[in-house]
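Just so you know, these numbers come straight off a predicted model, no measurement behind them. Chain naming here is simple, since letters A, B, ... match the order of the sequence lines and numbering starts at 1 in each.
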Amino acid sequence: MLKRTVYCGNLRASDIGKTVTLNGWAHSVRDHGGLIFVDLRDRTGLVQTVIDPDAAPSAHSVAQHIKNETVLALTGRVRQRPEGTENPRIPTGEVELEVSDVEILNTTKVLPFQVDQDTAVNEELRLKYRYLDLRRPAMFHKLKLRHEVVKRIRAYMYEQGFIEVETPIMTRSTPEGARDYLVPYRLQPGLFYALPQAPQQFKQLLMVAGVEKYFQIAKCFRDEAQRADRQPEFTQLDLEMSFVEQEDILGIVEGMTIDVVEALSDKKLIKPFPRFTYDEAMRRFGTDKPDVRFGLELVDCAQILLGTEFGVFKNALESGGQVKAVRYPGGGALSRKEIDDLTAIAKEAGAKGMAYLIVEENGSVRSPIAKFLSEAEIASLLAATDASAGDLIAFIADTPLTVAKALDRLRREIGERQQLADPNLLAFCWIVDFPVFEWDEENNRWTFAHNPFAMPHPEHVDLIESDPAAMRSFCYDLACNGSEWASGSIRIHKPDLQRAILRKLGYSDEQIDEQFGHMLEAFSLGAPPHGGIAPGIDRLITYLTGDDNIREVIAFPKMGGGLDPMTGAPSTVDARQLEELHLEVIYLPEDSD
RNA sequence: GGGGGCGUAGCUCAGCUGGUUAGAGCGCCGGCCUGUCACGCCGGAGGUCGCGGGUUCAAGUCCCGUCGUCCCCGCCA
C-alpha cells in the first residue's frame, strides 16, 4: 500500500514541487474522457488531483474505475494549478496533485445516501449508516469540535488542580430521580446493578476520601422519555470540591465556560454571567432557566388590579393567585386565529384562558376584556407593561405556578416568532437559592425541589417543621438560552441534617439506613464541607454548533425509543443467557395495561 | 400514556378540487468528452406511493385502522 506522506487538507503553495502520497476517499470524480479530476478527501479536507492519460497512462486506466467514496492511495507531484483554474472556495485551491500512481484500496457498492452533499437525509437512515454520515465533513467537524472542547476542559481542570477519577458504571439503584437502567446480577437471583444517573454519591465519597478536587468526563444513564436535548446516555463534566463555598464552584465553572467558548467559537457571551435567585427568575421570567437574550419580562398586575371589577382577575387575586402579563411587540397585527393559537399554548401550560389587550395605532385599546376594566386600570396596565402602538399584552390569571408556566411558554413563543434572540449570543445565567422542598400535589407529600443532598441555608434549617416550602438551599443551575446546562449544590456533610432532610421527604429511619446508610456513615467519619456541579457536555457542543438536537453532536446516538438502528440494540438474547441471570421474560397481553 | 407533523425511485422532493402510462434533481448503468471543481452532453434502468381495510366507475390523493419516525406534553434528584 502506498502510505500517506501528507494530509489532503494541508497542501499549500509551499508544497509545490514535492512528490507526496495521499490516502483518502474520492469525494467527487469528474471524468472528462481524457483528464480525470478526483477530489480526494481525508479528515483534514479536500484536495484536487488530476490524472492525465498522456503523462500517466497506467494510472489513468486504473483511475477510470474510481467512483464516489472509492478508497484511494494517490502518489504524485504537487503543482500550481494552471492560471484561471484556482478554486478560492477551498483552502487547497491553489494547488493540485499531478498523479503518477493510483492504488485502489477498496471499492464501494452504491451508497445508501450521498456523502458529498449537504442535502438533508432521513435521520433513521443516517443513524443506520452513521459511519457514512460521519464521513461528511460537517459531521466530522462536530466530532472534532467535541474533542477540542473536552481537551480544553481537561486542560482547564488540570490547571486548577483537579484530579480525574473514574467511578463505577455498575452501581446501586437509587430510589428517587429518573428510572434506572438495570443490570442483572448473575450470582444471586433477584439482585441488580443500576447504571448511574450521575456519579453523585461517589463524588461526595471522594471528598470524604480527601481528594479535595475531583472531576470526570462521566457517562450518565437515565431511562426516561427522550427529547431533542435528552439521550438515554449522555455525558457530563462531573466535578466536586472540598472546603469551598458556593462562590468557589460558580467561579470555577464560569471561568471554564468562558475559556472554552471564547477559545473554540465565535459566540458572544454576557460577562460576568448574570445571576438570579430562583424566586427572582420565577418572578421575572416564570422559569428557572430563562432565555435572557431578550427582555419581555413578566409584569405583575396585582397592584393595578386591586379593586378591579373584572371577575376573572378579581377571583384569581382574591384566592391567593396572580395576574401577570407579557408584552408581544407587534402582536396587534395577529389574526383572530393566531390569537387563538397563542391562547392554546397558554392552555396547554395549564392556564384556563388568556386575556389580552391590543394597542391600536391611534393609542386606543381593542380587547374583549376592555369593557370590564376602568380607563385608569387600562392606562396603568399599558404603562406597567411598557406597551406601545401595535403591541398585544397577554394576561394570565391563575395560581402563581400556572401563571409562571403559561407566561414562560408565551414569552418564549413570542421571542421565537419575533426572532428577538440573537443567535450568536450564548446568554449563560446562574440561578441560585433553589427551594429545598416542594409539595407534591399528586402524592400528597414533600419532595425535593433540586436534589436531596443540597445544603439548606443555615438560617432556614429551623423552618423544616414550620415552613418547609420557604427553605432555600445552596443549589445552583447554570442556564443558557433557555435550557439548563449545569446543575449543582453545596452538599450536606453532617449526618444529622442529612437524616432530617430525608425524613421530611418521607423516608423511615429504616429506609434511610438501608438506602443511604453508607452516605451517612461516611459523613460521620470526618466528611469535609464540599460541593459540586455537573455541566452537560453534549448540550454545550450544541450551543457551539447551533444544533437544536443533541444527536447531532454524539457520534453514535440513539433514536427515540432508545433504539440504535445501526447495531439493532436493544436485542433479544439467548435463552441460556437469561437462564444464567435467573430471568424470565413475561409477555403481557396487549390490553393488560 | 396523550397531542401534532411526516412516510411517493437508492437519496431529496413535486404530484391541485379523486381522472390517461406516477414525475423532477441527484445517484446508478451505457456512450461521448483533455481544465473541471455539484464538470458537461446523449441514452437507459429503477416505484407493492409504509402496511391493511373501506368509500367510489376510478384512490398516491378521501375515510378508518395500523406500523415507523420526528417534535411537544406527561416524565426527566
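Residue A:R30 places no side-chain atom within donor-acceptor reach of the base of B:U34, judged by atom type and a 3.5 Å distance cut-off alone. Below the 3.5 angstrom threshold, one finds a donor paired with an acceptor across the side chain of A:R79 and the base of B:G35. Residue side chain A:D54 reaches the base of B:U34 through a donor-acceptor N/O pair under 3.5 Å, judged by distance alone. Between the side chain of A:E83 and the base of B:G35, no donor-acceptor pair of N or O atoms lies under 3.5 Å. In this model, no side-chain donor or acceptor of A:E123 finds a partner on the base of B:U69 within 3.5 Å. Donor-acceptor pairing under 3.5 Å, judged by distance alone, is present between the side chain of A:R230 and the base of B:C76. A donor and an acceptor atom sit less than 3.5 Å apart, one in the side chain of A:N87 and one in the base of B:C37.
Between A:F434 and A:Y278, the ring-plane angle classifies as tilted under the 30° and 60° cut-offs. The aromatic rings of A:Y476 and A:W430 sit perpendicular to each other, their planes meeting at more than 60°, with 30° as the lower class boundary. Using cut-offs of 30° and 60° for the angle between ring planes, the A:F37 and A:H32 rings count as perpendicular.
Taking only side-chain nitrogens and oxygens, A:R227 comes nearer than 4.0 Å to OP1 or OP2 of B:C73. Distances shown here put a side-chain N or O of A:R551 below 4.0 Å from the OP1 or OP2 atom of B:C71. The shortest distance between the side-chain N/O atoms of A:K67 and the OP1/OP2 oxygens of B:C29 is below 4.0 Å. Residue A:S28 has a polar side-chain atom (N or O) positioned under 4.0 Å from OP1 or OP2 of B:C39. Of the side-chain N and O atoms in A:R89, one or more sit less than 4.0 angstrom from OP1 or OP2 of B:A38. Applying the 4.0 Å criterion to OP1 and OP2 of B:C73, one finds that A:K347 has every side-chain N and O outside that range. Between A:N549 and B:C71 there is a side-chain N or O to OP1 or OP2 distance below 4.0 Å.
Note on A:D477 versus A:K289: no salt bridge recorded, every NZ/NE/NH1/NH2 to OD/OE distance being 4.0 Å or above.
If you check every strand for non-hydrogen atoms under 4.0 Å, A:E86 touches a base. Note on A:R81: a base of the nucleic acid sits closer than 4.0 angstrom, heavy atoms only. Within 4.0 Å (heavy atoms only), A:I36 reaches no atom of the nucleic acid at all. A:A349 comes within contact range of no nucleotide atom at all, as no heavy-atom separation falls under 4.0 Å. A:G177 comes within 4.0 angstrom of sugar-phosphate atoms only, judged by non-hydrogen atoms across all strands, and of no base. Here A:Q200 lies in heavy-atom contact (under 4.0 Å) with a base. Residue A:K128 is out of contact with every strand shown, counting any heavy-atom pair closer than 4.0 Å. Among the atoms of the strands shown, base atoms are found under 4.0 Å from some heavy atom of A:A225. Across all strands shown, A:P82 has heavy atoms under 4.0 Å from base atoms, whether or not it also approaches the sugar-phosphate. When heavy atoms are screened at a 4.0 angstrom cut-off, A:I345 is found touching no nucleic acid atom at all. A:Q114 comes within 4.0 angstrom of a base, heavy atoms only.
As rounded to the nearest Å, B:A9 and B:G50 have P atoms that lie 8 Å from one another. Taking atom P in both B:G18 and B:A58, one finds a spacing of 15 Å when rounded to whole Å.
Residues satisfying the side chain to side chain donor-acceptor pair (under 3.5 Å) test with A:Q231, not counting sequence neighbours, are none.
Of the two residues near RNA chain B, A:I90 and A:P112, the one whose nearest nucleotide lies more 5' is A:P112. Mapping A:K289 and A:L127 onto RNA chain B by nearest heavy atom places A:L127 closer to the 5' end of the strand.
For A:Q64, the CD atom counts as densely surrounded, since its 6.0 Å shell holds more than 12 non-hydrogen atoms of other residues, nucleotides or ligands. A:E86 CD: more than 12 foreign heavy atoms inside a 6.0 Å radius.
Residue A:T85 has its side chain nearest to B:G35 when only B:G74, B:G35, B:C75 are considered.
Stacking of A:H32 onto the six-membered ring of B:U36 is not present when judged by under 5.5 angstrom between centres and under 30° between planes.
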